[in-house]
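Here the structure comes first, spelled out in structure tokens, and everything after it is commentary.
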Amino acid sequence: MSSDLVWSKLQELLAEGVQSFKDAKDEDALTHAQKRFLGRKGSVQAYMQHMKELAPEERPKLGALVNEVRTKLEKTFADVEQKIRDAKLAADLKQRKVDLTLPGRTPTLGAEHPLQKTQRQIEDIFLQMGFEIAQGPQSEWDYFNFEALNFPADHPARDMQDTLMLENGSLLRTHTSPVQVRTMLCYEPPIRIIAPGTVYRRDDDVTHSPMFHQIEGLHIEKGLNLTHLRGILELFAQSLFGKNTKIRLRPSFFPFTEPSVEVDIACIFCGQKGCRLCKQTGWIEILGAGMVDPNVLREGHIDPEIWSGWAFGVGIERVAMLLHGISDIRLFFESDLRFLKQFA
Ligand code: PHE
């Protein structure tokens with residue numbers, strides 16, 4: 001074939017292709033035409049086969065011509081494709097009936113759960129005092145939950161009654177205190193941490209839930225004593241319950257603190273006149289605390305001759321119930337929106 005003939009045939013092909021694209025009424029027809037002319041086995045590409053028949057000096061010309069035709073066809077294809085899409089969109093919009101009088105959908109806003117809110121409130125108080133947040137696992141080893149905390153082997157709290165055991169020999173932690181020794185093993189003193197988290201006990205009534213939440217506090221420094229603990233806890237109680245809140249410390253017992261105390265706040269419901277909630281005593285218990293037992297410091301590889309520490313553990317549900325006057329702990333876990341919405 002001579003190059004002139006090829007050229008005129010290519011012109012015909014171009015005209016034919018442009019016409020086919022323009023005739024295409026929808027995307028299917030257009031795709032079909034595209035395959036026919038521009039596909040890998042399409043008629044434009046087929047012209048390259050004539051390459052061999054041409055004199056060597058004519059070959060580049062053929063290549064250029066084929067490319068030119070292809071570019072023009074591609075342009076036409078793109079134009080037609082756009083036109084078909086525009087028409088489709090216009091038709092779609094035309095048949096849609098928009099009722100502008102329909103009321104809009106109000107987006108529902110989520111809110112923090114009251115326990116989460118209380119936890120954050122408590123965290124903020126301690127973060128401002130320079131404490132950091134530490135965490136530990138909910139499935140815990142007996143070692144961290146009891147043994148490292150100086151629980152004698154036959155201590156009643158180890159009974160199956162309180163502790164939910166797991167099949168692999170570990171347990172669901174019964175308090176956040178295991179985070180104490182875990183933290184001591186990870187960081188050098190001085191240590192100032194709070195450890196919020198979920199804890200579990202086999203216990204279930206209006207004020208006890210088998211799953212509940214605590215925040216542990218731990219401060220290790222040189223020369224700490226009970227007055228430091230008292231000062232921080234008083235500030236804590238006053239930040240939560242009001243500037244004039246009084247606290248008192250009563251002697252108590254925990255295996256991992258010595259001395260141990262139970263901390264009460266002056267009854268916020270009756271102003272200490274005596275009511276049902278403070279059982280006519282004028283005081284309400286809010287947490288357990290004490291000076292970290294030297295044995296516990298040793299388990300945490302901290303020398304009790306150099307360092308001393310205090311610790312406390314507070315129940316988040318308990319604080320939330322006091323703050324909001326809630327009398328049944330189960331309300332927190334029932335997901336009843338009538339209850340939860342009051343805290344949004
Ligand atoms: N872990 C104790 C409890 O759950 C509370 C506590 C923490 C007491 C730290 C003293 C020091 O009852």
Side-chain angles (χ1 to χ4, degrees), residues 119 122-123 126 131 133-138 140-152 155-159 161-164 171-184 191-203 207-221 224-234 236-237 247-265 284-297 299-300 302 304 307-319 321 329:
Q119 176 179 329
I122 299 173
E123 283 174 4
F126 284 96
F131 284 69
I133 293 179
Q135 280 191 310
Q138 293 177 35
E140 184 56 283
W141 300 109
D142 179 275
Y143 173 75
F144 286 112
N145 198 81
F146 293 126
E147 203 176 320
L149 293 173
N150 203 34
F151 276 80
H155 195 279
R158 288 191 176 202
D159 283 4
Q161 300 230 342
D162 299 316
T163 310
L164 294 154
L171 45 82
L172 289 173
R173 63 177 179 188
T174 57
H175 52 177
T176 43
S177 299
V179 185
Q180 287 189 29
V181 175
R182 283 185 174 272
T183 307
M184 293 179 205
I191 289 171
R192 258 179 242 105
I193 56 117
I194 51 167
T198 313
V199 300
Y200 304 83
R201 286 183 203 176
R202 246 184 86 175
D203 214 349
T207 54
H208 295 89
S209 153
M211 178 215 60
F212 61 108
H213 301 84
Q214 289 188 331
I215 296 189
E216 192 82 3
L218 174 69
H219 185 185
I220 296 173
E221 189 113 35
L224 287 182
N225 60 50
L226 212 54
T227 61
H228 297 107
L229 169 65
R230 193 189 195 287
I232 298 271
L233 290 181
E234 188 171 70
F236 164 65
I247 67 165
R248 82 172 176 187
L249 273 49
R250 278 183 294 114
S252 183
F253 174 79
F254 300 103
F256 40 95
T257 45
E258 180 60 33
S260 300
V261 293
E262 212 89 54
V263 179
D264 299 337
I265 55 167
I284 292 184
E285 181 196 321
I286 60 159
L287 56 83
M291 300 308 293
V292 180
D293 193 290
N295 287 340
V296 176
L297 291 174
E299 291 295 331
I302 289 175
W307 302 95
S308 50
W310 55 253
F312 70 85
V314 61
I316 299 177
E317 281 79 358
R318 178 145 184 82
V319 170
M321 287 168 86
I329 196 170

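Indexing begins at 1, ligand by ligand and atom by atom, following the structure's order. Every heavy atom of this structure was used, including side-chain atoms; hydrogens, water molecules and symmetry mates were not.
Remark: minimum distance from atom 3 (C) of ligand 1 to any protein heavy atom is reached at Arg201 NH2, 3.7 Å.
Near Gly288, meaning under 4.0 Å from any of its heavy atoms, are these atoms of ligand 1: 6 (C), 8 (C), 10 (C). Taking a cut-off of under 4.0 Å to the non-hydrogen atoms of Phe312, the atoms of ligand 1 that pass are 7 (C), 9 (C), 11 (C). For ligand 1, the atoms lying closer than 4.0 Å to a non-hydrogen atom of Thr257 are 10 (C), 11 (C).
By the 4.0 Å N-to-carboxylate-O rule, Arg201 lies too far from Asp162 to be salt-bridged with it. Looking at Glu140 and Arg182, a side-chain N of the basic residue comes within less than 4.0 Å of a carboxylate O on the acidic one, giving a salt bridge. Glu221 has a carboxylate O that lies under 4.0 Å from a charged side-chain N of Arg192, or vice versa, which qualifies the two as a salt bridge.
Counting heavy atoms closer than 4.0 Å to ligand 1, residue Arg173 contributes nothing at all. Residue contacts with ligand 1 for Phe256 involve side-chain atoms from C-beta outward but no N, CA, C or O (heavy atoms, distance under 4.0 Å).
Considering both main-chain and side-chain atoms, Gln180 never comes within under 3.5 Å of ligand 1 through any nitrogen or oxygen pair. Considering backbone and side-chain N/O of Gln214, one or more are found under 3.5 Å from N/O of ligand 1.
The option from Ala289, Gly313, Ser177, Ser260 that lies nearest to atom 1 (N) of ligand 1, judged by heavy atoms, is Ser177.
Counting only distance, with no hydrogens or angles, the side chain of His155 and the backbone of Pro152 share no donor-acceptor pair below 3.5 Å. Side chain of Gln214 to backbone of Thr176: a donor-acceptor contact under 3.5 angstrom is found.
Under the 30°/60° scheme for interplanar angles, the aromatic rings of His175 and Phe146 are found to be tilted.
Both the sub-6.0 Å distance and the 45° axial angle are not jointly satisfied by Arg173 relative to the ring of Phe144.
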